[in-house]
Amino acid sequence: MDSWSNSRSPFLCNFPKFSGLGIMKKEFGSYIAGFLFAIGWWVFVDGIILSTTFEELPVYIGFEDYISGIISTLGMIIVSSIDQSLLEDDSMTFGGSGVVGKARVMLFIGMAAMGGGIAGSVVGFIDCTFQTQLNI
């Protein structure tokens, strides 16, 4: 337990290091995250098209179902547009332009938007599921 408490990792299990990727680890992870996000939007748009094509489906997709995806997309754009070199500066001085603080605030807003979008989609899914099962 001492080795875990001395490490900076928040995880209890050891993840593979992927040493074969070298410097490209973060860039590769970013591409995988973008790919998964694009697959999610593709499935969502496919579901919208399917629900408008067949009227006998028990689920109706309205604009309220789009909102969580739009908020998540805006959060992803905000997070992706921040230059990482702005976040690595440790100078939190009261003078100057305060670019580091502004970048960190925008990163927080983007992450909060992505988390809120995911939470909203889960709540929407649960609400839609219970409405169809209980015939409300």
Side-chain angles (χ1 to χ4, degrees):
M1 190 70 173
D2 281 337
S3 65
W4 177 76
S5 62
N6 292 335
S7 71
R8 295 181 52 98
S9 175
F11 303 107
L12 292 175
C13 58
N14 293 327
F15 292 108
K17 299 292 183 195
F18 298 113
S19 60
L21 294 175
I23 304 171
M24 304 291 284
K25 275 192 283 192
K26 292 181 182 179
E27 189 173 342
F28 185 70
S30 177
Y31 288 142
I32 293 292
F35 178 73
L36 290 174
F37 201 76
I39 292 284
W41 263 111
W42 186 275
V43 169
F44 181 66
V45 170
D46 186 44
I48 291 170
I49 293 170
L50 183 72
S51 73
T52 57
T53 305
F54 300 109
E55 287 81 18
E56 64 268 2
L57 290 177
V59 176
Y60 171 72
I61 297 178
F63 183 71
E64 65 274 1
D65 298 320
Y66 300 162
I67 295 172
S68 60
I70 292 169
I71 290 173
S72 293
T73 302
L74 289 175
M76 183 75 116
I77 290 170
I78 290 171
V79 169
S80 297
S81 65
I82 297 173
D83 187 18
Q84 190 171 356
S85 65
L86 294 175
L87 300 172
E88 294 173 355
D89 190 15
D90 286 334
S91 64
M92 293 295 287
T93 60
F94 291 107
S97 63
V99 175
V100 176
K102 292 174 187 174
R104 289 179 181 170
V105 167
M106 288 306 293
L107 180 69
F108 176 76
I109 289 171
M111 290 292 203
M114 286 192 299
I118 290 173
S121 65
V122 169
V123 167
F125 172 72
I126 291 172
D127 184 40
C128 181
T129 303
F130 284 134
Q131 280 182 354
T132 58
Q133 286 181 354
L134 300 176
N135 294 327
I136 296 176

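Nothing fancy with the numbering, it's 1 onward along the sequence. FYI, side chains are in, hydrogens and waters are out, and symmetry mates aren't considered; it's all heavy atoms of this structure. For clarity, every value in this text was computed on a predicted model and none was experimentally measured.
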For residues F63 and V45: do they belong to one hydrophobic cluster (side chain heavy atoms under 4.5 Å, members Ile, Leu, Val, Met, Phe, Trp, Tyr)?
yes
Identify, with sequence neighbours excluded, every residue that meets ring pair (Phe, Tyr, Trp, His ring centres under 6.0 Å) alongside F125.
none
Non-hydrogen atoms of I78 and I82 that approach each other most closely:
O-CG1, 3.3 Å
Give me the atom names and distance for the closest heavy-atom approach of S68 to G120.
CB-C, 4.0 Å
Nearest heavy-atom contact between V79 and M111 is CG2-N, 3.8 Å
Same apolar cluster: M76 and V105, side chain cutoff 4.5 Å
yes
So, taking the atom named CG in L74 and the one named CD1 in I109, what distance separates them when rounded to the nearest 0.5 Å?
12.0 Å
Distance (rounded to the nearest 0.5 Å) between I71 CD1 and Y66 OH:
15.0 Å
Smallest heavy-atom separation, A113 atom then G75 atom, equals CB-CA, 3.8 Å
Spell out, as yes or no, whether a donor-acceptor pair under 3.5 Å connects the side chain of S80 to the backbone of I77.
no
Separation between CG (D46) and CD1 (I39), nearest 0.5 Å, reads 11.0 Å
Pairwise side-chain hydrogen bond (donor to acceptor under 3.5 Å, both in side chains) hits with a residue in residues 36-45, at least two apart
W41-T73
Joint cluster assignment, I70 & I67, ILVMFWY side-chain distance < 4.5 Å:
yes
